[in-house]
Protein chains: 2
Amino acid sequence: MIRRTQAERSDETTAALVRAARELFGGNGYAGTSIDAVAAAAGVTKGAAYHHFGGKLPLFRAAFEGELGEICAKLERVAAEEGDPWAALRRGARTFLEHCLDPGFQQIVMLDAPSVLGWEAVRAAEHDHLLGILVAGFSMVAEDDEAAVPARAQLVFGALCEGGMLLARSPDPAAELPRLASEADRLLEALRV
Amino acid sequence: MIRRTQAERSDETTAALVRAARELFGGNGYAGTSIDAVAAAAGVTKGAAYHHFGGKLPLFRAAFEGELGEICAKLERVAAEEGDPWAALRRGARTFLEHCLDPGFQQIVMLDAPSVLGWEAVRAAEHDHLLGILVAGFSMVAEDDEAAVPARAQLVFGALCEGGMLLARSPDPAAELPRLASEADRLLEALRV
DNA sequence: CATGATTCATACTGTGGGTATGTAACTGTG
DNA sequence: CACAGTTACATACCCACAGTATGAATCATG
């Protein structure tokens, strides 16, 4: 029997559970996924899942945060590659649209999360990770009313989400992406003043 | 015993079920509402619900369509009060934002429907009822690429939905509404070209 | 009014979220 | 290293609820 520390045991189990949760919740949706299935896919039983997460909802929340962390990291990476904040905004919008093609991200973050976790929880989490980037970008280029920036960023974010869903359902996403991206650019441009 | 025709019996029962479904699904969400509860609120039992609708999902779909029909009727009414299509668009956007303050509409149409019925089903239904109005308005004022109109309308619709949720969460919706409406106007204006 | 079709109620089954309890694996202390 | 105490799970159980018969009223029709 290998000797592992408790922290190692916990970390490995929770990591396996979150990985399985993202896989199954992303593939079959929240309602279509049982805790037993997630635990089995992680090589443990319900007991472990309830011990570490305390319920189906917190487990889903962990999967949600995993998805959010991934897109956030990607956004920060590409934003850093651009020089001025405005180019970063445009690049970020396009990157977000592309990321919506990931079925797991779509199912967990776009479809199930608002219903399962509540809109405000999702909004709060997205604000910390995604919208913060948008708001920062807008703030840097906004030339007039600073107070209108958050609401404006929110509206653009809603448009981007809708665009992402539209893109994912497109019969030819590769052809659709540039058109949507240009429409998104137009939106950003419109709100620049 | 009063003598009723079968059609009357069916109509009364289904109407009562849909009414109860809109009430409960709207108040407690899809997952938080049992068929027994809906049936009890309608004065019948599960048997009636399953006889007329065949399951929880079709029952929810009926509630969803009821909500959609209501907002649609309201939109058509206010749009008819405006003269030119552009004013109708602006008025429609504002009306939609206001309607998002209804908790039942929010829960059923904005939060649960995409997760429960699937995004494409919701999109299709909304396209027939709500987006059709938007697309028609844009088509009438679009001066350039006609092909870009549907996607553009979709993005605006996404922004409006996000604005509606934001409005509903606002501590002072009455104060927030005009600001959001002006931002929406700005969006519409931007896409007019 | 007799026969068949609708409309519904009642009783039952299965699945799955949640909980209680037991057991094995680790950790700190003498 | 022995031995309590804690942590990490597995197992067995309960219960709510979606879905499925089955049967009994109610209504339509020849």
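What you see is a predicted model; the values in this text were computed from it and never measured. Each chain gets a letter, A, B and so on, in the order the sequences are listed, and its residues count up from 1.
To the nearest angstrom, C1' of C:dA25 lies 14 Å from CD of A:Glu12. Summarising the geometry, the separation between CD1 on A:Ile35 and P on C:dG17 is reported as 5 Å, rounded to the nearest angstrom. As rounded to whole Å, 13 Å separates atom C1' of C:dT7 from atom CG of B:Asp11. For the pair A:Lys56 NZ and C:dT15 C1', the computed distance is 11 Å after rounding to whole Å. Rounding to whole angstrom units, CG of residue A:Asp36 and C1' of C:dG14 are separated by 14 Å. We find that CG of B:Leu57 is positioned 15 Å from C1' of D:dC17, with the value rounded to whole Å.
Contact between the side-chain N/O atoms of B:Ser34 and the OP1/OP2 oxygens of D:dA16 is not found at any separation under 4.0 Å.
When atom types are taken as modelled, the side chain of B:Lys56 and the backbone of B:Thr33 share a donor-acceptor pair closer than 3.5 angstrom. When atom types are taken as modelled, the side chain of A:Glu8 and the backbone of A:Thr5 share a donor-acceptor pair closer than 3.5 angstrom.
Not counting sequence neighbours, the partners of A:Asp185 by the salt bridge (charged side-chain N to carboxylate O under 4.0 Å, His left out) test are A:Arg90. Judged as a side-chain hydrogen bond (donor to acceptor under 3.5 Å, both in side chains), and not counting sequence neighbours, B:Glu23 has no contacts.
Taking a 4.0 Å limit (strictly below) on heavy-atom distances, residues 21-33 of chain A does not reach DNA chain D anywhere.
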Which atom pairs, one a donor and one an acceptor, fall under 3.5 Å between side chains of residues 95-108 of chain B and the rest of the protein, sequence neighbours left out?
{"from": "B:Thr95", "atom 1": "OG1", "to": "B:Arg91", "atom 2": "O", "distance (Å)": "2.8"}
{"from": "B:His99", "atom 1": "ND1", "to": "B:Lys74", "atom 2": "NZ", "distance (Å)": "2.9"}
{"from": "B:Asp102", "atom 1": "OD1", "to": "B:Gly104", "atom 2": "N", "distance (Å)": "3.1"}
{"from": "B:Gln106", "atom 1": "OE1", "to": "B:Arg169", "atom 2": "NH1", "distance (Å)": "2.4"}
{"from": "B:Gln106", "atom 1": "NE2", "to": "B:Cys100", "atom 2": "O", "distance (Å)": "2.9"}
{"from": "B:Gln107", "atom 1": "NE2", "to": "B:Asp112", "atom 2": "OD2", "distance (Å)": "3.1"}

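For B:Arg22 and B:Glu65, the salt-bridge test fails: no basic side-chain N is under 4.0 Å from an acidic carboxylate O.
Each ring pair (Phe, Tyr, Trp, His ring centres under 6.0 Å) pair with one or both residues in residues 57-77 of chain B, not counting sequence neighbours, appears once here: B:Phe25-B:Phe60, B:Tyr30-B:Phe60.
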With the criterion being N/O to N/O and under 3.5 Å, what pairs connect the protein with nucleotides 9-13 of chain D, and how long is each?
{"from": "D:dC9", "atom 1": "OP1", "to": "A:Thr13", "atom 2": "OG1", "distance (Å)": "2.8"}
{"from": "D:dC9", "atom 1": "OP2", "to": "A:Thr13", "atom 2": "OG1", "distance (Å)": "3.0"}
{"from": "D:dC9", "atom 1": "OP2", "to": "A:His52", "atom 2": "NE2", "distance (Å)": "2.5"}
{"from": "D:dA10", "atom 1": "OP2", "to": "A:Thr45", "atom 2": "N", "distance (Å)": "2.7"}
{"from": "D:dA10", "atom 1": "OP2", "to": "A:Thr45", "atom 2": "OG1", "distance (Å)": "2.6"}
{"from": "D:dA10", "atom 1": "O5'", "to": "A:Thr45", "atom 2": "OG1", "distance (Å)": "3.2"}

Checklist entry - Taking it one step at a time, do A:Val116 and A:Arg61 satisfy side chain to side chain contact (heavy atoms under 4.5 Å, CB included)? => result CA-CA 9 Å; A:Val116 173; A:Arg61 190 194 317 275; over 6 Å; no
